[in-house]
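First up is the structure itself, then whatever we jot down about it.
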Amino acid sequence: MAVQTDHRGNGRVVFERGIPAQIMGIDGTWRRDCTMEDVSESGAKLTIDGSVEGLHLKEFFLLLSSTGLAYRRCELAWVNGDQIGVNFLKIGDRKKKARSATIGA
């Protein structure tokens with residue numbers, strides 16, 4: 001495990017062998033195994049097992065425990081082959097975005 005500072009200034013923890021995890025649709029209709037390659041306070045890089053085609057990746061959950069008790073709500077930041085970057089959403093992020101969109105209208 002190594003801590004690096006990336007171009008965004010976040011301390012990023014890089015895992016030598018990766019951490020097993022799963023991604024799951026917000027509505028629970030799909031799941032995929034994945035490996036968390038690195039993580040910071042604001043997001044993570046994941047390697048997805050299998051194809052990401054057809055998955056609704058705008059928002060989803062990253063499950064960090066087999067019981068589903070440790071999880072983060074995510075939005076897709078980028079895709080590069082079988083790797084994706086995710087931004088962690090904080091509680092209330094969607095409400096703020098929706099509210100600021102209506103205020104500007």
### Message
Salt bridge or not between Lys58 and Glu75? Use side-chain N to carboxylate O under 4.0 Å.
### Response
no
### Task
Check Arg17 against Thr35 and note the closest heavy-atom contact, atom names and distance.
O-CG2, 4.2 Å
### Task
Would you give the length of the straight line joining atom CZ of Arg72 to atom SG of Cys74, rounded to the nearest 0.5 angstrom?
7.5 Å
### CD on Glu37 to NZ on Lys45, rounded to 0.5 Å
6.5 Å
Hydrophobic clustering (ILVMFWY, side-chain heavy atoms < 4.5 Å, transitive) - are [Y] and [X] grouped together?
| X | Y | answer |
| --- | --- | --- |
| Leu63 | Phe88 | no |
| Leu89 | Met24 | no |
| Ile26 | Ile48 | no |

### Message
For Thr29 and His56: C-alpha separation, side-chain torsions, deciding distance, then whether side chain to side chain contact (heavy atoms under 4.5 Å, CB included) applies.
### Response
CA-CA 10 Å; Thr29 58; His56 300 287; 5.8 Å; no
Between [X] (side chain only) and [Y] (backbone N and O only), is there a donor and an acceptor less than 3.5 Å apart?
| X | Y | answer |
| --- | --- | --- |
| Ser65 | Ala70 | yes |
| Arg12 | Glu41 | no |
| Asp33 | Asp49 | no |

Could you check whether any side-chain heavy atom of [X] comes within less than 4.5 Å of a side-chain heavy atom of [Y], counting everything from C-beta outward?
| X | Y | value |
| --- | --- | --- |
| Leu46 | Gln83 | no |
| Leu57 | Ile23 | yes |
| Val86 | Trp78 | no |
| Ser51 | Glu53 | yes |

### Task
Take the angle between the ring planes of Tyr71 and Phe61 and call it parallel below 30°, perpendicular above 60°, tilted in between.
perpendicular
